[in-house]
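For reference, the structure is listed below as structure tokens.
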Amino acid sequence: MAVIWIILAILVIWLIAANIRIVPQAEAYVIEHLGKFKTIWNAGLHLKMPIVEKIAKKVSLKEQVLDFPPQPVITKDNVTMMIDSVVFCYVFDPKLYTYGIENPISGLQNLSATTLRNIIGDMELDQTLTSRETINGRMQAILDEATDPWGIKVTRVEIKNIQPPKEIEEVMTKQMRAERERRQTVLEAQAHQEAVVSRAEGDKKAKILAAEAERDAQIALAEGRAKSIKLVYEAEAAGISDLNRAGISESVLKLKGIEALKDVSDGRATKIYMPSDIANVISSLGVAGEALGIGDTTPINRNPKPKPAVPKDPCITNETGRGGREAAAASAAINSSVVSEDQRSDTTEI
């Protein structure tokens, strides 16, 4: 009898141990009772009733990354290209995930492909290549709404790669090369323009500085010339004042005037201007010379030299008539020319 109780105890312990379940973190077990949904086990220790209860499905609550293969899509301008996308999602309801759809991952893949075709079909090629953010947002909103009955939450959708046809790639490559060459040309033109402007501004500043330097130099020269002239005039004025204080006589002043006249007449000019009172100067010069003991004080005889007596030719008589008168006129002309030469020689000596 004791052996039977021991066997029963061992059997009970084995049954209990066989039906104890430990659910890991971030997982959930769907429990069915006689084929019907009973409950969901979350992380922790649980005891299952043997025979009548079973674990229908183990569901991971972690976020999953579903990388689907490339899908052929056609754009609005009839360009066929391959696009592959990545979907990020997690299960928020294990019961709906278990009973809502037969194969949730396959359903999400097909739904992602059809949604992508619908979105790309309304866009042209260039817009498709430059509107990835728009495509991602629209796909995420559509997939999230469609997968709610399946117990799946779509958090993000990313377009991983867009592969256009080879012909389109070649055209795009040429277009990209042309665009880059255009940008290079524009940048070179802008650089040349900036260089020319900078050089022109530098030349302008240099010319301004040179003009200012020339102006300052001319001002300095003019100021120096003005100061020198002022000093010369001041020295002459001081000299005249000294002469006035010294009491120079009129004879000395006239003598200085004659010396100045000599300096003027010593040049190479073809015309010489004589003072209007040259006679008074010359007359007073003799007095000054006698007073100072300068020069020859012998007075100049300004009287004309006496005319030489023309002897009477005895051959000319009153009876000769016209021949005698002509001889007399010739003799008078000779005497007049002699007087003129004497007067010219007197003026030259003066």
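Here the structure is a predicted model, which means the values were calculated and not measured.
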Would you say the side-chain atoms of E188 and Q184 include a donor-acceptor pair closer than 3.5 Å?
yes
What one should report as the nearest heavy-atom pair of A146 and P149 is O-CD, 3.4 Å
Looking only at non-hydrogen atoms, find the nearest pair between M139 and S85 and report the distance.
CE-OG, 4.5 Å
Between side-chain atoms of residues 158-165 and protein atoms elsewhere (two or more places apart, or another chain), which donor-acceptor pairs fall under 3.5 Å?
{"residue": "E158", "atom": "OE1", "partner": "N136", "partner atom": "ND2", "Å": "3.3"}
{"residue": "K160", "atom": "NZ", "partner": "D67", "partner atom": "OD1", "Å": "3.2"}
{"residue": "K160", "atom": "NZ", "partner": "D67", "partner atom": "OD2", "Å": "2.7"}
{"residue": "Q163", "atom": "NE2", "partner": "E169", "partner atom": "OE2", "Å": "2.5"}

Less than 4.0 angstrom from a charged side-chain N to a carboxylate O is my criterion; do R215 and E212 meet it?
no
Only distances under 3.5 Å count here; give the side-chain donor-acceptor pairs of residues 59-66 to other protein atoms, sequence neighbours excluded, each with its distance to 0.1 Å.
{"residue": "S60", "atom": "OG", "partner": "K62", "partner atom": "N", "Å": "3.4"}
{"residue": "E63", "atom": "OE2", "partner": "T155", "partner atom": "OG1", "Å": "2.8"}

Partner residues of W150 under the ring pair (Phe, Tyr, Trp, His ring centres under 6.0 Å) criterion, sequence neighbours left out:
none
Are M49 and F37 connected in a single hydrophobic cluster, I mean Ile/Leu/Val/Met/Phe/Trp/Tyr linked by side-chain heavy atoms less than 4.5 Å apart?
no
Hey, are E170 and K174 close enough for a salt bridge, meaning a charged N less than 4.0 Å from a carboxylate O?
no
Note: W41 and L47 closest approach over all heavy atoms is CZ2-O, 3.8 Å
Spell out, as yes or no, whether a donor-acceptor pair under 3.5 Å connects the side chain of T115 to the backbone of S112.
no
Is the number of heavy atoms from other residues, nucleotides or ligands within 6.0 Å of CG (L34) greater than 12?
yes
Let me see the working for K76 and D122 under salt bridge (Lys or Arg N to Asp or Glu O under 4.0 Å), right down to the final yes or no.
CA-CA 5 Å; K76 187 177 180 179; D122 295 333; over 6 Å; no
Are the side chains of M172 and L129 in contact, using a 4.5 Å heavy-atom criterion?
yes
